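Worksheet for the structure shown next.
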Amino acid sequence: MHNKRWYAVIALVLIFVFAATGCSLMNPQSKPEQTPAAPQKQAIEGEPEILVFMHETGEKKKMKMEEYVAGVVAGEMKNDWPVEALAVQAILARTFTLQAMDEKGGVPARGTQASTDIKEFQAYDAKAVNDSVKKAVEMTRGMVITYQGKPIQAWFHASAGGITATAKEGLNFKDEEPPYIQSVTSPDELAPSDVKNWTASFTKKEMMDVMTKMGKTADTIESVEIGKKGPSGRTTTLLINKNLELSAPEVRVGLGSTKLKSMLLDKIEVTGDAIVFSGKGYGHGVGLSQWGANNLATKGKKPEEIVGQYFKDVTIEKRWN
């Protein structure tokens, strides 16, 4: 009898232990069912203070993140544009900065979190900050675009020419294609005429100099043709003399990205010593089209809606108040 009582007591104890740990008497290895955590919409913390390299003077200046973002918006977009478009640029500037800080430590070569040198980081123009820019920054204060909890690659360009590019076709991006970057239509009708359609002429020597820097050589250039195209129709490779293949995004940078405005090309002609490109749009075409954002803002779209047009399946988090 005493043994039976002890067995009963032990059995009751085991039941309580298994119940407390969420295990099953039938399957001791099983764990309680878990619900996947919902994406964190807000992770409120203090506004960061960052160290910025001021390339005009060479000094390093401490400033609040929102003050820095205002200077970037004024440097990257015309300050007389709709406030909603400026607001989108503010969200992108903030996202770009945090992403660079998280993944690269900001600007390690300068020992700072950011730089006003557009070649190193983002454009910056504190003198162009007006009431519209201030309002755009304030209305988006702390807002950052994330994908699976991390700040995204916040790419943007002047005009998509009607359709945006994937990262691989527009930027010759070497890593895996970011899932939030897709080729989407962009309402760029408000862009200037010399952005909607343009031609750019280069000499054969200019092209051959670029080829040399790319490690490619040719005795002469008889023809330049569009090779492969990406999902948006942008040229991803150029064919020299029908057999020498070059990366089109690299050629664009080599020849000058302000003159060879995009790789959304209509045609290439070789006439005498001139190589003439005809195309539309301005920039690499990846992510946000600024002229598209301008149009959408003019039509009454909110900043969050404009972000959603160009970046898919992302979340806008408020990182600080």
Side-chain angles (χ1 to χ4, degrees), residues 76-78 81 85 118-119 123 155-173 183-214 216-295 310:
E76 295 283 10
M77 187 174 274
K78 294 179 180 180
W81 278 18
I118 192 171
K119 295 176 182 176
W155 288 304
F156 64 92
H157 55 281
S159 172
I163 186 167
T164 67
T166 63
K168 287 189 178 296
E169 69 172 323
L171 290 162
N172 200 22
F173 192 59
S183 179
V184 300
T185 58
S186 179
D188 288 32
E189 300 87 65
L190 299 182
S193 57
D194 64 346
V195 168
K196 287 181 182 177
N197 293 284
W198 50 262
T199 59
S201 181
F202 302 90
T203 66
K204 289 181 177 179
K205 183 182 184 305
E206 286 176 309
M207 177 65 84
M208 291 178 80
D209 287 345
V210 170
M211 290 168 59
T212 300
K213 290 177 183 177
M214 295 172 66
K216 309 278 188 177
T217 57
D219 294 332
T220 184
I221 295 178
E222 295 176 0
S223 65
V224 180
E225 299 171 286
I226 294 171
K228 296 173 185 173
K229 290 186 177 183
S232 72
R234 281 172 173 78
T235 299
T236 56
T237 64
L238 295 171
L239 284 178
I240 308 296
N241 301 336
K242 300 191 181 295
N243 58 11
L244 185 60
E245 192 173 60
L246 302 177
S247 162
E250 287 184 42
V251 169
R252 177 174 174 254
V253 171
L255 288 174
S257 57
T258 57
K259 188 176 179 183
L260 185 51
K261 292 179 178 176
S262 86
M263 279 292 115
L264 194 56
L265 301 176
D266 296 319
K267 62 181 179 178
I268 307 172
E269 294 179 308
V270 178
T271 307
D273 188 48
I275 304 169
V276 182
F277 295 82
S278 301
K280 50 185 174 284
Y282 195 171
H284 49 62
V286 184
L288 178 88
S289 166
Q290 291 177 315
W291 278 106
N294 180 319
N295 195 358
Y310 293 98

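Please read these numbers as outputs of a predicted model, since none were measured by experiment.
For residues 280-293, the set of pairs meeting the salt bridge (Lys or Arg N to Asp or Glu O under 4.0 Å) definition, not counting sequence neighbours, comprises D266-K280. Among residue pairs with one or both ends in residues 221-236, those qualifying as side-chain hydrogen bond (donor to acceptor under 3.5 Å, both in side chains) are E169-S232, E225-K242, S232-R234; sequence neighbours excluded.
Across every non-hydrogen atom of S201 and A274, the tightest pair is OG-CB, 3.7 Å. When every heavy atom of S186 is checked against every heavy atom of S289, the shortest pair comes out as OG-CB, 3.4 Å. Closest approach of T199 to S278, counting heavy atoms only: CG2-OG, 3.4 Å. Nearest approach of L239 to G227, heavy atoms of both residues: CG-CA, 4.2 Å. Of all heavy-atom pairs spanning S183 and T166, the tightest one is N-CG2, 4.3 Å. Pairing each heavy atom of F277 with each of M207, the nearest pair is CZ-CE, 3.9 Å.
A heavy-atom distance below 4.5 Å is not found between the side chains of V251 and M263. For the pair L246 and I240, the minimum side-chain heavy-atom distance is below 4.5 Å. You'll find the side chain of L238 reaches within 4.5 Å of the side chain of I268, heavy atoms only. Between V286 and T164, the closest side-chain pair of non-hydrogen atoms is not below 4.5 Å.
The aromatic ring centroids of Y310 and W155 lie 6.0 Å or more from each other.
Applying the side-chain contact (heavy atoms from CB on, under 4.5 Å) rule to L190 yields the partners W291, N294, N295, T298; only residues at least two apart in sequence or on another chain are considered. Residues satisfying the side-chain hydrogen bond (donor to acceptor under 3.5 Å, both in side chains) criterion with S247, sequence neighbours excluded, are N172. Not a single side-chain hydrogen bond (donor to acceptor under 3.5 Å, both in side chains) links Y282 to another residue, sequence neighbours left out. Among residues two or more places apart in sequence or in another chain, the ring pair (Phe, Tyr, Trp, His ring centres under 6.0 Å) test is passed with W198 by none. Applying the side-chain contact (heavy atoms from CB on, under 4.5 Å) criterion to V210, with sequence neighbours excluded, gives M214, L255. In terms of the side-chain contact (heavy atoms from CB on, under 4.5 Å) criterion, residue partners of M208 (sequence neighbours excluded) are, by chain and number, I221. Under the side-chain contact (heavy atoms from CB on, under 4.5 Å) criterion, T185 pairs with Q309, not counting sequence neighbours. By the ring pair (Phe, Tyr, Trp, His ring centres under 6.0 Å) test, F156 pairs with no residue at all, sequence neighbours left out. Applying the salt bridge (charged side-chain N to carboxylate O under 4.0 Å, His left out) rule to K205 yields the partners D209; only residues at least two apart in sequence or on another chain are considered.
Side chain of T203 to backbone of E206: a donor-acceptor contact under 3.5 angstrom is found.
In this structure, the separation between CG on N197 and NZ on K261 is 10.5 Å, given to the nearest 0.5 Å. Taken to the nearest 0.5 Å, the NZ atom of K216 stands 9.0 Å off from the CD atom of E250.
For CG of N243, the number of neighbouring non-hydrogen atoms (other residues, nucleotides, ligands) closer than 6.0 Å is greater than 12.
Note that K259 lies in the cation-pi zone of F202, set by a 6.0 Å cut-off to the ring centre and a 45° limit from the axis.
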**Item:** Test log, rule side-chain contact (heavy atoms from CB on, under 4.5 Å), inputs M211 and L244
**Value:** CA-CA 10 Å; M211 290 168 59; L244 185 60; 3.4 Å; yes
**Message:** One pair to check against side-chain contact (heavy atoms from CB on, under 4.5 Å): I275 and K204. What are the steps and the verdict?
**Reply:** CA-CA 7 Å; I275 304 169; K204 289 181 177 179; 4.2 Å; yes
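Side-chain contact annotation: S159 with D188, donor-acceptor N/O pair under 3.5 Å present.
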